[in-house]
Q: 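One structure follows; several queries about it will come next.
Each ligand, and each atom within it, is numbered from 1 in the order the structure gives.
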Amino acid sequence: SEKIRIGILGYGNLGKGAEASIQQQPDMELVAVFSRRSPESVKTVNPNTKVIHVDDAEKHVDDIDVLLLCGGSATDLPEQAPEFAKLFNTVDSFDTHARIPEFFENVDSSAKPNGKTSIISVGWDPGLFSINRVLSESFLPEGETYTFWGKGLSQGHSDAVRRIEGVKNGVQYTIPSEKAIERVRNGENPELSTSDKHTRECFIVAEDGADKAKIEETIKTMPNYFDEYETTVHFISEDELKRDHNTMPHGGFVIRSGKTGENTNQIVEFSLKLESNPEFTASVLVAYARAAHRMNKEGLTGAKTVYDVAPAYLSPQSNADLRKKYL
Ligand SMILES: NC(=O)C1=CN([C@@H]2O[C@H](COP(=O)(O)OP(=O)(O)OC[C@H]3O[C@@H](n4cnc5c(N)ncnc54)[C@H](OP(=O)(O)O)[C@@H]3O)[C@@H](O)[C@H]2O)C=CC1
Ligand SMILES: N[C@@H](C[C@H]1CC(C(=O)O)=NO1)C(=O)O
């Protein structure tokens, strides 16, 4: 049968990961990468990948089944997702948790009237961790759920700091509190505030002459990303960044400890250990592109979240094979 034709909007860490992931899919092909930069300045991993300026994306609506939106959540996706959901089925990784409800509405009002399917906030958190929080709470109504990330590089937070005026480049690491994890694993079911669970550490390359004190203050007070955390900011050189911060490992786990029956302890846990946060996240986006294409063909249009997507839509296996080989 025909391959699913994928486009990538935005060629950063996620865009690169998506380019690689699509090559692993038997039922997909990459039609083009769209970028806001001039095509000749975008160096793709696969030299055969076609790069087209984003202003020409509209000309390709009939060549693409699903467009993967790989821009940053801090500033790109809030404007790109509603714009491109009018033209394409889309999948995005929007991860500003507090703003997901308004983002959903904005994308839905673009996708629905145009008969498009847009699956938002795909990845691992939000995404797979979100699914596990809901599943474990549905099966264990009595209990406590905890989410821990890292130690690792958060792409959302790294993208957010890179957008600050005067920042030339930068990364952010998320560090879980070992003490908090220990208390959860001991079954204490502790009340933990946001700042009890994680601290954040940034390594920033400032533009020449930039106001470093202002950059540090902007990071530490940034709503939804840093303002609820104890954050440390280091200023380093471009060379140090390239030397000491050139990998993007991450991971974490969702754990729910609950009770059934009279007083029976039950633990549900889902964990990830990622050598490359962007490559894994991109692989999740690509599987959800398969779902967006299929759901659209069934007339399931408008904005969706991972909660709306039955697992069978994600697999390249037929439903009959899933029943036969995986149940
Ligand atoms: N839900 C989840 O679990 C996860 C979500 N995410 C989300 O993914 C988002 C994207 O992450 P990431 O790919 O690391 O972001 P990047 O900063 O690598 O890329 C963001 C955009 O910046 C532009 N860009 C990239 N490289 C350059 C460059 N060298 N010069 C100029 N512009 C550049 C690209 O747009 P263009 O090509 O148009 O210039 C790109 O789409 C994050 O903001 C985060 O919110 C990430 C991981 C997990
Ligand atoms: N969205 C996150 C994925 C996970 C990592 C994270 C964090 O370190 O705060 N929160 O969610 C990312 O961009 O990497």
Q: Closest by any non-hydrogen atom to atom 21 (C) of ligand 1: pick that one out of His250, Arg162, Arg163.
A: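 Nearest option to atom 21 (C) of ligand 1, by heavy atoms: Arg163.
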
Q: Numbering the atoms of ligand 1 from 1, which are under 4.0 Å from a heavy atom of Ser35?
A: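 Those atoms are 36 (P), 37 (O), 38 (O), 39 (O).
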
Q: Arg200 heavy atoms, cut-off 4.0 Å: which ligand 2 atoms fall inside?
A: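 Close to Arg200: 7 (C), 8 (O), 9 (O).
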
Q: Provide the number and element of each atom of ligand 1 under 4.0 Å from a heavy atom of Asp95.
A: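 Near Asp95, meaning under 4.0 Å from one of its heavy atoms, ligand 1 has 5 (C), 44 (C), 45 (O).
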
Q: Hey, mind stepping through His250 and Phe280 against ring-ring contact (aromatic ring centres under 6.0 Å, His included) and telling me if it holds?
A: CA-CA 10 Å; His250 213 342; Phe280 178 75; over 10 Å; no

Q: With atom 42 (C) of ligand 1 as the reference point, say which of Ala160, Gly156, Ser130 has the nearest heavy atom.
A: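 Looking at heavy atoms only, Gly156 sits closest to atom 42 (C) of ligand 1.
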
Q: Does His198 approach ligand 2 within less than 4.0 angstrom via side chain, backbone, both or neither, non-hydrogen atoms only?
A: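 No part of His198 comes within reach of ligand 2.
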
Q: Would you say Trp124 and ligand 2 have an N/O pair spaced under 3.5 Å apart?
A: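 There is no such contact.
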
Q: So is there a nitrogen or oxygen of Asn13 less than 3.5 Å from a nitrogen or oxygen in ligand 1?
A: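 Yes, there is a polar N/O contact under 3.5 Å.
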
Q: Give yes if a backbone or side-chain nitrogen or oxygen of Leu14 is under 3.5 Å from a nitrogen or oxygen of ligand 1, and no if not.
A: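 Yes: some nitrogen or oxygen of Leu14 is under 3.5 Å from one in ligand 1.
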
Q: Regarding ligand 1, does Pro126 bring an N or O atom to under 3.5 Å of one of the ligand's N or O atoms?
A: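 Yes, since at least one N or O of Pro126 sits under 3.5 Å from an N or O of ligand 1.
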
Q: Any luck finding a side-chain donor-acceptor pair between Asp63 and His60 under 3.5 Å?
A: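 On atom types as modelled, these side chains qualify, holding a pair under 3.5 Å.
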
Q: Who's closest to atom 12 (P) of ligand 1 heavy-atom-wise, of Gln155, Gln80, Arg37, His157?
A: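 Nearest option to atom 12 (P) of ligand 1, by heavy atoms: Gln155.
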
Q: I'd like to check whether Thr174 has a polar contact with ligand 2, where a contact means an N/O of the residue lying under 3.5 Å from an N/O of the ligand.
A: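 It does: an N or O of Thr174 is found under 3.5 Å from an N or O of ligand 2.
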
Q: Which part of Asp159 is near ligand 2, with near meaning a heavy atom under 4.0 Å away: side chain, backbone, both or neither?
A: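 Neither part.
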
Q: Would you mind running through ligand 2 and noting each atom that sits below 4.0 Å from a heavy atom of Ser154?
A: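 Once the distances to Ser154 are compared, the set is 7 (C), 8 (O), 12 (C), 13 (O), 14 (O).
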
Q: Determine whether the side chain, the backbone, both or neither of Phe129 has a heavy atom under 4.0 Å from any heavy atom of ligand 2.
A: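 Neither; nothing of Phe129 gets under 4.0 Å from ligand 2.
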
Q: Mark up the atoms of ligand 1 that fall under 4.0 Å of a heavy atom belonging to Gly123, in ascending order.
A: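 Those of ligand 1 that fall under 4.0 Å from Gly123 are 1 (N), 2 (C), 3 (O).
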
Q: Are the side chains of Leu77 and Ser93 in touch, meaning some heavy atoms are under 4.5 Å apart?
A: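 Yes - at least one pair of side-chain heavy atoms lies under 4.5 Å apart.
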
Q: Below 3.5 Å, N or O to N or O, backbone or side chain included: is there any such pair between Ser93 and ligand 1?
A: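 There is such a contact, yes.
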
Q: Can you check whether Asp76 has an N/O within less than 3.5 Å of an N/O in ligand 1?
A: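 Between Asp76 and ligand 1, no N or O pair is found under 3.5 Å apart.
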
Q: Looking only at protein heavy atoms, identify the closest one to atom 11 (O) of ligand 2 and say how far it is in Å.
A: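 For atom 11 (O) of ligand 2, the nearest protein heavy atom comes out as Asp125 O, 3.0 Å.
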
